[in-house]
Amino acid sequence: MPELPEVETVANGVNERVRGLRIESVWLSFKPQTFKTPAAEMLELLEGRRIERVRRVGKHIVFDLEDGDLEDGRRPHSEPGNDGKLQWIVHLGMTGRLLVSEPEVPVPTHTHAVLRLSSGRELRFVDARRFGRLAIHRVADEGEGFQGPGQEPLSISVQDFVRLFRGRRLAIKLALLNQSLLHGVGNIYADESLFRAEIRPRRMAGRLRRAELERLHVSIQSVLREAIALGGSSVSDYVDAAGVAGFFQLEHKVYMRTGQPCLVCGTAIRKVVMGGRSTHYCPQCQH
DNA sequence: ATACCGACCTGTCAGC
DNA sequence: TGCTGACAGGTCGGTA
């Protein structure tokens with residue numbers, strides 16, 4: 001499902017609804033693949049913590065956690081050797097959702113985590129295909145916390161962006177999907193950015209001219225910012241923390257428009273497969 | 001370093 | 001109506 005704009009929308013929505021709340025109790029599905037940190041350990045570490053805030057890093061949602069106070073003022077997790085700061089890391093995979101719901105709302109099928117919060121509401125992680133992942137990240141002393149694998153597309157400078165692709169002997173489309181270079185761009189926004197920058201997806205990353213990379217840098221940032229402003233793209237089932245769909249799919253110029261006329265020149269949009277992913281482009285506008 | 005493939009999963013939709 | 005196959009926003013690991 002989700003790329004940077006969708007993850008950002010979810011993270012912001014969840015943050016507004018859960019920031020400052022205490023995690024009173026936790027239920028987990030114990031499906032092993034979902035839990036990068038073993039579920040029993042995660043359960044133990046989450047219960048009683050307070051959620052300081054929720055934000056996006058790449059395609060990951062990061063919950064900064066604090067020790068939660070018990071009624072008698074003791075701190076349940078401050079035993080020796082267990083006092084580092086923790087983060088709860090959520091990756092939505094293809095179909096993952098984070099929903100903040102009233103407890104009366106029936107729990108959807110494929111729910112893998114339920115956090116009962118001090119507001120009385122529940123934070124639910126629902127993921128039909130189970131490509132999503134949950135983990136606890138322990139913040140090293142004086143560390144910055146979870147950083148993600150690559151650089152942030154919204155804040156990377158042109159110089160760093162250009163440097164990222166220097167000497168890379170792979171197609172620019174595949175380079176954009178490589179999360180250890182830039183993190184957050186997925187299949188939709190790779191195609192849409194390349195269209196805006198008028199670059200063919202098969203062009204070799206290391207052979208792009210500086211002017212082309214500069215166009216791509218601008219295109220990626222503008223596409224992502226516009227998509228965030230519209231709440232992301234809802235192609236089939238993506239929804240935000242309140243269960244509301246996004247609208248950026250209405251702005252797609254090439255993604256899922258195979259055979260339809262290019263909105264700039266009228267040429268039929270072409271679809272090819274690259275790295276096992278559908279890739280859409282205009283053979284006239286993109287060079 | 002890169003390319004390509006299958007694997008991991010369920011749901012949906014087109015075609016027969 | 002029901003079955004089959006293709007495909008879907010993502011990543012990982014193996015083998016060239």
Quick one: is [X] getting a side-chain N or O under 4.0 Å of the [N] phosphate, OP1 or OP2?
| X | N | value |
| --- | --- | --- |
| A:His110 | B:dG11 | yes |
| A:His91 | C:dT11 | yes |
| A:Gln179 | C:dG10 | no |
| A:Arg277 | C:dG10 | yes |
| A:Lys59 | C:dT11 | yes |

For [X] and [Y], does a side-chain donor sit closer than 3.5 Å to a side-chain acceptor?
| X | Y | answer |
| --- | --- | --- |
| A:Glu152 | A:His183 | yes |
| A:Tyr238 | A:Glu3 | no |
| A:Arg130 | A:Thr34 | no |

Selected nucleotide, minimal atom distance to [X] side chain, candidates [options]:
| X | options | result |
| --- | --- | --- |
| A:Leu170 | B:dT10, C:dT11, B:dA3 | B:dA3 |
| A:Arg130 | B:dT2, C:dG10, B:dT10 | B:dT10 |
| A:Arg129 | B:dA3, C:dA8, C:dG10 | C:dA8 |

Mind calculating the distance between [atom1] ([X]) and [atom2] ([N]) to the nearest angstrom?
| X | N | atom1 | atom2 | value |
| --- | --- | --- | --- | --- |
| A:Asn178 | C:dG10 | CG | P | 13 Å |
| A:Lys31 | B:dC8 | NZ | P | 15 Å |
| A:Asp127 | B:dT10 | CG | P | 10 Å |
| A:Phe125 | B:dC9 | CZ | C1' | 12 Å |
| A:Lys36 | B:dC8 | NZ | P | 18 Å |
| A:Arg207 | B:dT2 | CZ | P | 13 Å |
| A:Phe35 | B:dC9 | CZ | P | 14 Å |
| A:Leu174 | C:dG10 | CG | P | 13 Å |

With centres under 5.5 Å and planes under 30° as the test, does A:Phe131 stack with C:dT11?
no
Side chain A:His217, main chain A:Ile156, donor-acceptor under 3.5 Å
yes
Please state the P separation for the pair C:dG5 and B:dA7 - nearest whole angstrom.
15 Å
For atom CE of A:Met274, decide whether the heavy atoms of other residues, nucleotides or ligands shown that lie under 6.0 angstrom number more than 12.
yes
Hey, is CZ on A:Phe247 packed in by over 12 heavy atoms from elsewhere, all under 6.0 Å?
no
If you look at every strand shown and take non-hydrogen atoms under 4.0 Å, does [X] touch a base, only sugar-phosphate, or nothing?
| X | value |
| --- | --- |
| A:Tyr255 | sugar-phosphate |
| A:Ser278 | sugar-phosphate |
| A:Arg168 | sugar-phosphate |

Complementary nucleotide of B:dG11, counting Watson-Crick and G-U pairs under 3.5 Å
C:dC7
